[in-house]
> 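Got a structure here, written out as structure tokens. Questions coming.
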Amino acid sequence: MIYLISYAFHMLVAVLFFLLIPFPFLMKGSLLDEHGRFQLLLKIYKRIIWAAHGGVVVAIVSGILMTTNWFTVWFMIVTLIWLAISAFLGMSAKMVRVILEKMEVNQAAEDEIAKLRLYSFILMIAILSMFLMKIVVYL
């Protein structure tokens, strides 16, 4: 029963992380569009990133509850990917916060935007790697 509940929470969090995948591309497109659209995108993704921080905790706990074999190469790789996801999620959240604060006082934020684009792109790669690792188990 615990396994089934953990699996359900794990898949629910996976959907949340799936929402983070298009962020770098949406950011690039909104930068080419009106100025207000970029700020709106950041406000929306600020909430998604906030929820994803809680999702990291839920995914790690539910993953630990589902694990039966702790010392496999697959488990070690997944643990490292979760560390990367957590790190770049935090750095992306910080850049979103800093950019929104600078936009409110009409300051230039080109350096922070460049950092956010890099961090969110690496976050996207890490999330896609995690989905790939979940598929590799079944091959």
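Sequential numbering from 1 along the given sequence is applied to the chain's residues. Given the structure is predicted, the values throughout are model-derived calculations rather than measurements.
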> Within the distance-only criterion (no hydrogens, no angle test), does the side chain of H10 pair as donor or acceptor with the backbone N or O of A59 below 3.5 angstrom?
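Looks like yes, one N/O pair under 3.5 Å.
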
> Over all heavy atoms of both residues, which pair between A51 and L16 is shortest? Give the atoms and the distance, please.
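Looks like O-CD2, 3.4 Å.
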
> Does M133 share a hydrophobic cluster with F17, counting links as ILVMFWY side-chain heavy atoms below 4.5 Å and allowing steps through other members?
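Shared cluster, yes.
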
> Can you tell me how far CD1 of I21 sits from OG of S120, rounded to the nearest 0.5 angstrom?
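Answer rounded to 0.5 Å: 12.5 Å.
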
> Does a side-chain heavy-atom distance below 4.5 Å link N69 with W74?
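Counting from C-beta outward, N69 and W74 never come under 4.5 Å.
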
> Hey, are the side chains of M95 and M91 touching, using non-hydrogen atoms and a 4.5 Å cut-off?
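No - every pair of side-chain heavy atoms lies 4.5 Å or more apart.
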
> To check you understand the geometry: which heavy-atom pair defines the closest contact between V13 and G55, and what is its length?
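For V13 and G55, the tightest heavy-atom pair comes out as CG1-O, 3.2 Å.
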
> Quick one: pull up CD in E112 and CD in E101 and give me the separation to the nearest 0.5 Å.
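Separation between the atoms: 10.5 Å.
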
> Mind checking whether I85 and M130 have side chains closer than 4.5 Å, heavy atoms only?
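Contact flag for I85/M130 side chains = yes.
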
> Report the relative orientation of the aromatic rings in Y119 and F88; use parallel for angles under 30°, tilted for 30 to 60°, perpendicular for over 60°.
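Correct class here is tilted.
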
> Hey, any chance V56 and I64 share a hydrophobic cluster, counting ILVMFWY side chains that come within less than 4.5 Å of each other, even indirectly?
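Yes: a chain of side-chain contacts under 4.5 Å links V56 to I64.
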
> Before you tell me yes or no, could you show the steps for L83 and L80 under side chain to side chain contact (heavy atoms under 4.5 Å, CB included), namely the whole-Å CA-CA distance, both residues' side-chain angles and the distance that decides it to 0.1 Å?
CA-CA 5 Å; L83 285 173; L80 289 175; 4.3 Å; yes

> In Å and rounded to the nearest 0.5 Å, what is the CZ to NZ distance from F38 to K43?
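Spacing of CZ (F38) from NZ (K43) equals 12.5 Å.
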
> Same hydrophobic cluster for M66 and M76, using side-chain heavy-atom links shorter than 4.5 Å among ILVMFWY?
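Not linked; separate clusters.
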
> Between I44 and L123, is there a shared hydrophobic cluster once you connect ILVMFWY residues whose side-chain heavy atoms come closer than 4.5 Å?
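As far as the 4.5 Å side-chain criterion goes, L123 and I44 are connected within one cluster.
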
> Taking the side chain from T67 and the backbone from W70, do they hold a donor-acceptor pair closer than 3.5 Å?
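Checking the backbone N and O of W70 against the side chain of T67, no donor-acceptor pair under 3.5 Å is found.
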
> Could you pull out the closest heavy-atom pair between G90 and H53, with the gap in Å?
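Nearest heavy atoms, G90 then H53: CA-NE2, 3.8 Å.
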
> Is there a side-chain contact between I127 and I81, using heavy atoms and a 4.5 Å cut-off?
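No - every pair of side-chain heavy atoms lies 4.5 Å or more apart.
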
> What distance separates L4 CG from L65 CG, expressed to the nearest 0.5 Å?
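Interatomic distance, L4 CG to L65 CG, rounded to 0.5 Å: 12.5 Å.
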
> Rounded to the nearest 0.5 Å, what separates atom CZ in R117 from atom CG in L31?
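R117 atom CZ to L31 atom CG measures 6.5 Å (nearest 0.5 Å).
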
> How far apart are the closest heavy atoms of A108 and E110, and which atoms are they?
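Taking A108 first and E110 second, the nearest heavy atoms are CB-OE1, 3.1 Å.
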
> Before you tell me yes or no, could you show the steps for I5 and F9 under side chain to side chain contact (heavy atoms under 4.5 Å, CB included), namely the whole-Å CA-CA distance, both residues' side-chain angles and the distance that decides it to 0.1 Å?
CA-CA 6 Å; I5 293 170; F9 279 120; 3.6 Å; yes

> Compare every heavy atom of S6 with every heavy atom of S62, then report the nearest pair and how far apart it is.
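Smallest heavy-atom distance, with atoms named: CB-O, 3.4 Å.
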
> Quick one: does Y45's side chain get under 4.5 Å of M27's, heavy atoms only?
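Not touching, per the 4.5 Å side-chain cut-off.
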
> For the pair F23 and L42, evaluate side chain to side chain contact (heavy atoms under 4.5 Å, CB included) and give the outcome as yes or no after the intermediate values.
CA-CA 9 Å; F23 184 46; L42 289 182; 4.0 Å; yes

> What do you reckon, is CZ of F18 surrounded by more than 12 foreign heavy atoms closer than 6.0 Å?
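12 or below, so no.
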
> For the hydrophobic clusters of this structure (ILVMFWY residues joined by side-chain heavy atoms under 4.5 Å, transitively), does one cluster hold both V73 and W82?
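Yes, V73 and W82 fall within the same hydrophobic cluster.
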
> Check this for me: I2, atom CD1, are more than 12 non-hydrogen atoms of other residues, nucleotides or ligands nearer than 6.0 Å?
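Result for CD1/I2: open.
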
> Kindly indicate whether the side chain of L116, heavy atoms from C-beta on, has any atom under 4.5 Å from the side chain of S92.
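Yes, at least one pair of side-chain atoms sits under 4.5 Å.
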
> Could you measure the distance from the CG atom of L89 to the CD1 atom of I49? Nearest 0.5 Å is fine.
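Between atom CG of L89 and atom CD1 of I49 there are 6.0 Å.
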
